[in-house]
Amino acid sequence: MSIDLIVSGEPRAVESGTTAGQVLGDDRSVLVARVNGELRDLDHRVAPGDVIEPVRAEDPEGLAVLRHSTAHVLAQAVQDLFPEAKLGIGPPVKDGFYYDFQVAEPFHPEDLTRIEKRMLEILKSGQRFHRRVVTEGEAHKELATEPFKIELIGKKGGNSDEIMETGGSELTVYDNIDRKGAVCWSDLCRGPHVPSTKYIPSNAVKLMRTAAVYWLSDENNEQLQRIYGTAWPHKDGLKAYLHFLEEAARRDHRKLGTELDLFSFPEEIGSGLAVFHPKGGIVRTVMEDYSRQRHLAAGYEFVNTPHVTKAALFEKSGHLDWYAEGMYPPMDMDHAQYYLKPMNCPMHNLIYSARGRSYRELPLRLFEFGTVYRYEKSGVVQGLTRARGFTQDDAHIYCTREQMPAELDSLLTFVLDLLKDYGLTDFYLELSTRDPEKSIGTEQEWDEATQILFEAAKAQDLELVMDEGGAAFYGPKISVQAKDAIGRTWQMSTIQVDFQLPQRFDLEYQGPDGTRERPIMIHRALFGSIERFFAVLLEHYAGAFPAWLAPVTVVGIPVADQHIGHLQGVVDLLRSQGVRAEVDTSADRMPKKIRNAQKQKVPFMLIAGDDDIAKEAVSFRYRNGEQRNGIPIADAVAEIVAAVAEKRQV
RNA sequence: GCCGCCUUAGCUCAGUCGGUCAGAGCGACGCACUCGUAAUGCGUAGGUCCCGAGUUCGAUUCUCGGAGGCGGCUCCA
């Protein structure tokens with residue numbers, strides 16, 4: 001009997017009992033089939049009217065299947081070598097997969113080598129993945145020695161991306177069957193899987209690292225040991241991924257910070273607290289100064305506030321209710337408790353309420369580079385991106401309800417414009433909404449604020465991603481996510497609408513008709529934190545800052561000592577135009593000076609010898625090694641001054 | 001905070017199965033060389049081998065505790 005199907009958009013008739021794999025033909029690049037929109041194993045038997053398409057490892061969903069199947073191979077290898085290991089979950093994730101195990105001893109780095117070796121044996125042995133439907137009773141019996149799997153059966157659960165064991169319409173077990181037809185391993189899993197381990201390229205699989213994790217991500221549960229691995233359709237994919245990791249390591253701001261003498265984290269000061277050295281300090285100053293200039297032009301006013309305050313202020317703001325564990329513990333002084341500030345907003349509110357405000361003053365935009373201290377847990381502190389003390393480019397805008405949409409719209413434009421000047425160009429927006437468990441205020445206020453933010457985000461013509469329940473306790477937020485030079489995304493600016501703090505601080509302004517009205521607050525930080533933004537730029541540029549940001553923009557390199565005077569004259573000219581330039585007068589020979597400047601990633605090297613002096617000229621060497629000899633001094637200065645003024649990368 | 005790994009000179013890293021084991025390169029400093037596009041040569045200085053306690057005749061090495069770092073988990077207002 002034949003049945004009718006649609007295969008890759010074309011009608012086709014096949015014998016009943018045919019599998020999806022047979023329908024799609026003898027094509028080893030096909031891993032699974034999409035049948036009526038659902039992913040199925042290739043040995044799935046097709047039914048009349050099915051719409052069938054091939055799914056390959058190049059498709060995101062196919063790649064996930066490949067990685068999920070590799071996770072099964074990992075689990076089999078681990079149980080081969082560690083028979084007592086109990087299985088947790090093992091889903092595909094970005095760039096790879098993991099599998100969680102309960103073992104008596106955490107895995108050691110050497111264990112990974114052994115496990116990987118065993119995995120390769122399994123891959124080469126060509127085991128088939130075979131799906132088998134089981135009843136709940138059968139599953140309980142079969143998985144009696146796997147307590148975590150049993151727990152999952154009880155939970156059933158939805159179609160989660162993380163828990164792949166259950167969630168289908170029926171309970172299924174996948175058996176791994178060797179060439180002799182014997183079942184050598186089984187796992188509760190909703191699938192689908194590649195047809196056999198031969199479909200997983202053994203030269204494109206690698207175990208990466210181990211980690212302790214909490215069962216079902218709950219820190220009250222027991223800890224399991226997770227093994228992370230990566231798998232790709234081809235060897236080249238693995239190579240490219242490993243290269244990406246190397247590139248990221250090369251750009252690591254902690255490494256560059258030391259190499260370029262920008263900042264450090266003295267142990268004596270404490271974890272997560274950075275000091276900026278002169279080279280880093282000048283970069284930071286230039287970053288801040290440009291920001292100040294732009295803020296002035298955009299109608300902001302500058303304020304300054306202290307770093308510590310009595311507890312009452314944070315009681316009033318709600319921080320001590322909602323955020324106490326993120327704050328440094330209090331200091332007792334003069335019968336009062338003082339706290340280091342984790343946020344600037346309460347202080348700015350006090351400036352607002354220092355005197356009566358008129359509607360004519362709104363929007364009032366108070367800006368500060370405000371240093372805050374947050375007690376980050378010891379395990380999360382990480383370089384400049386996650387510090388315990390950092391400086392926010394923080395502003396609070398006080399406006400009327402009517403002004404809010406226009407204010408948010410111009411604010412978003414301002415943010416994106418400014419970030420572009422620092423060299424970031426690829427953005428998307430994220431809208432974080434209320435977490436009912438962790439928030440104050442009425443539903444109506446939240447809805448209104450969220451809606452207005454949504455409208456403002458929409459107006460930007462950028463991708464908008466929703467982050468449900470990700471907001472701070474006092475209001476919804478838009479964050480600007482920027483992609484860096486190697487495609488990583490970083491959260492940059494945050495913009496939050498807040499109806500709550502104005503109430504808590506009883507902020508008011510006098511309206512045109514003489515009534516007292518409550519303003520709305522917009523919290524916003526564009527860099528997020530200066531330290532973090534500094535780190536992002538450092539990694540984005542791999543240390544090679546554009547001319548305007550580079551700690552030293554120009555180094556003059558004399559061919560011999562007698563050429564120093566000539567270069568000093570050129571450097572003086574540059575300095576008089578605000579360019580950070582210096583002459584290398586060290587005892588090193590000229591090629592060594594070039595090497596040093598190159599390693600310091602200096603944008604312009606100006607070299608001068610007898611030839612240049614004779615022509616009243618200098619010779620350029622650029623970061624990419626190119627050179628232009630005998631450039632008249634005035635032209636050279638003009639070129640450099642222009643590169644700085646235009647914020648150009650060179 | 002939890003788990004694993006790590007901490008030797010300013011930096012990058014050797015090394016000691018407990019006993020001249022304190023080493024290299026770079027950097028710094030000094031001397032000579034006066035030099036045309038990524039390292040001139042020679043020499044000198046520099047370390048409580050992260051900190052504390054314990055075991056031992058003897059600890060940088062072993063054990064325990066602490067600090068700091070790295071990778072994850074959780075967290076990131």
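Chain identifiers are assigned alphabetically (A, B, ...) following the order of the sequence lines, protein sequences preceding nucleic acid strands; residue numbering begins at 1 within each chain. Computed from a predicted structure; not experimentally measured.
Of all nucleotides present, none satisfies the Watson-Crick or G-U wobble test against B:C35 with each distance under 3.5 Å. Using N1 to N3 plus N6-O4 or O6-N4 for Watson-Crick, or N1-O2 and O6-N3 for G-U wobble, each under 3.5 Å, B:G18 pairs with nothing. The partner of B:G23 is B:C13, by the rule that a Watson-Crick or G-U pair needs both atom distances under 3.5 Å. Under the Watson-Crick and G-U wobble criteria, each requiring two contacts below 3.5 Å, nucleotide B:C2 is paired to B:G72. B:U55 is unpaired under the criterion used here, namely a Watson-Crick or G-U wobble arrangement in which both key atom distances are under 3.5 Å. The base-pairing partner of B:G43, taking Watson-Crick or G-U wobble contacts with both distances under 3.5 Å, is B:C29. Base pairing of B:U7 is made with B:A67, judged by Watson-Crick or G-U wobble geometry with both donor-acceptor distances under 3.5 Å.
For the residue pair A:Thr371 and A:Thr391, a side-chain donor N or O sits within less than 3.5 Å of a side-chain acceptor on the partner. There is no side-chain donor-acceptor pair under 3.5 Å between A:Trp215 and A:Asp100.
The base of B:C75 lies close enough to the side chain of A:Arg386 for a donor and an acceptor atom to sit less than 3.5 Å apart. Side chain A:Asp610 to base B:G36: no donor-acceptor pair is found below 3.5 Å. At a cut-off of 3.5 angstrom, counting only N and O atoms as typed in the model, there is a donor on one side and an acceptor on the other between the side-chain of A:Ser619 and the base of B:G36.
Listed nucleotides B:C73, B:U34, B:G1 differ in distance to A:Tyr228; the shortest reach to its side chain belongs to B:C73. Each of B:G68, B:C35, B:G71 was ranked by its minimum atom distance to the side chain of A:Arg254; first place goes to B:G71. Listed candidates were B:C3, B:C35, B:A38. Nearest to the side chain of A:Arg595 is B:A38. Of the candidates B:G69, B:G27, B:U74, B:U74 carries the atom nearest the A:Val380 side chain, counting heavy atoms from C-beta on. Between B:U74, B:G36, B:C2, one nucleotide has an atom nearer to the side chain of A:Asp611 than all others, and that is B:G36. Which of B:A39, B:C73, B:U37 sits closest to the side chain of A:Gln627 comes down to B:U37. Each of B:A38, B:C2, B:C35 was ranked by its minimum atom distance to the side chain of A:Lys599; first place goes to B:A38. Distances were taken from every side-chain heavy atom of A:Ile607 (C-beta onward) to each of B:C11, B:G27, B:U37; the shortest belongs to B:U37. The side chain of A:Ile594 approaches B:A38 more closely than any other nucleotide in the set B:A38, B:G72, B:C35. The nucleotide whose nearest atom lies closest to any side-chain atom of A:Tyr214 is, among B:G27, B:U74, B:U37, B:U74.
One interatomic measurement links the two molecules: CD of A:Glu259 to P of B:C11, which rounds to 12 Å at whole-angstrom precision. Atom OH of A:Tyr375 is separated from atom P of B:U74 by 20 Å (rounded to the nearest Å).
Partners of A:Asp611 by side chain to side chain donor-acceptor pair (under 3.5 Å), not counting sequence neighbours: none found. For A:Gln223, the side chain to side chain contact (heavy atoms under 4.5 Å, CB included) partners are A:Ala212, A:Tyr214, not counting sequence neighbours.
The gap from the C1' atom of B:A14 to that of B:A22 amounts to 12 Å, rounded to the nearest Å. With both ends at atom C1', the span from B:U16 to B:A59 equals 11 Å, rounded to whole Å. For the C1' atom pair drawn from B:G66 and B:A9, the interatomic distance equals 25 Å after rounding to whole Å. One P atom belongs to B:G43, the other to B:U61, and the distance between them is 34 Å to the nearest Å. Atom name P, nucleotides B:C17 and B:A53: the rounded distance is 25 Å, in whole Å. Using C1' as the reference atom, B:U60 and B:G23 are 13 Å apart when rounded to the nearest Å. With P as the reference atom, B:C2 and B:G47 are 36 Å apart, rounded to whole Å. For B:A39 and B:C26, the C1' atoms lie 10 Å apart once the distance is rounded to whole Å.
A:Asp218 comes within 4.0 angstrom of nothing in the nucleic acid, heavy atoms only. Residue contacts shown for A:Gln496 are limited to sugar-phosphate atoms, with no base heavy atom under 4.0 Å away. Residue A:Arg621 is in base contact, counting any heavy-atom pair closer than 4.0 Å across all strands shown. When heavy atoms are screened at a 4.0 angstrom cut-off, A:Lys255 is found touching no nucleic acid atom at all. Using a 4.0 Å heavy-atom criterion, one finds that A:Gln491 contacts no nucleic acid atom at all. Contacts of A:Asn629 with the nucleic acid, taken as non-hydrogen atoms under 4.0 Å apart, include base atoms.
Look at A:Glu110 and A:Arg114 and you find no salt bridge, because none of the NZ, NE, NH1 or NH2 atoms lies under 4.0 Å from a carboxylate O. Looking at A:Glu222 and A:Lys86, no side-chain N of the basic residue comes within less than 4.0 Å of a carboxylate O on the acidic one, giving no salt bridge.
Both A:Ile613 and A:Phe107 lie close to RNA chain B; mapped to their nearest nucleotides by heavy-atom distance, the more 5′-ward contact belongs to A:Phe107. Along RNA chain B, the nucleotide closest to A:Tyr373 and the one closest to A:Gln562 are compared, and the more 5′ of them pairs with A:Gln562.
Distances shown here put a side-chain N or O of A:His108 below 4.0 Å from the OP1 or OP2 atom of B:C5. Proximity of A:Ser378 to the phosphate of B:G1: a side-chain N or O atom is located under 4.0 Å from OP1 or OP2. Proximity of A:Thr210 to the phosphate of B:G4: no side-chain N or O atom is located under 4.0 Å from OP1 or OP2.
For A:Tyr474 and A:His319, the ring centers sit 6.0 Å or farther from each other. If you look at A:Tyr352 and A:Phe505, their ring centroids are not closer than 6.0 Å.
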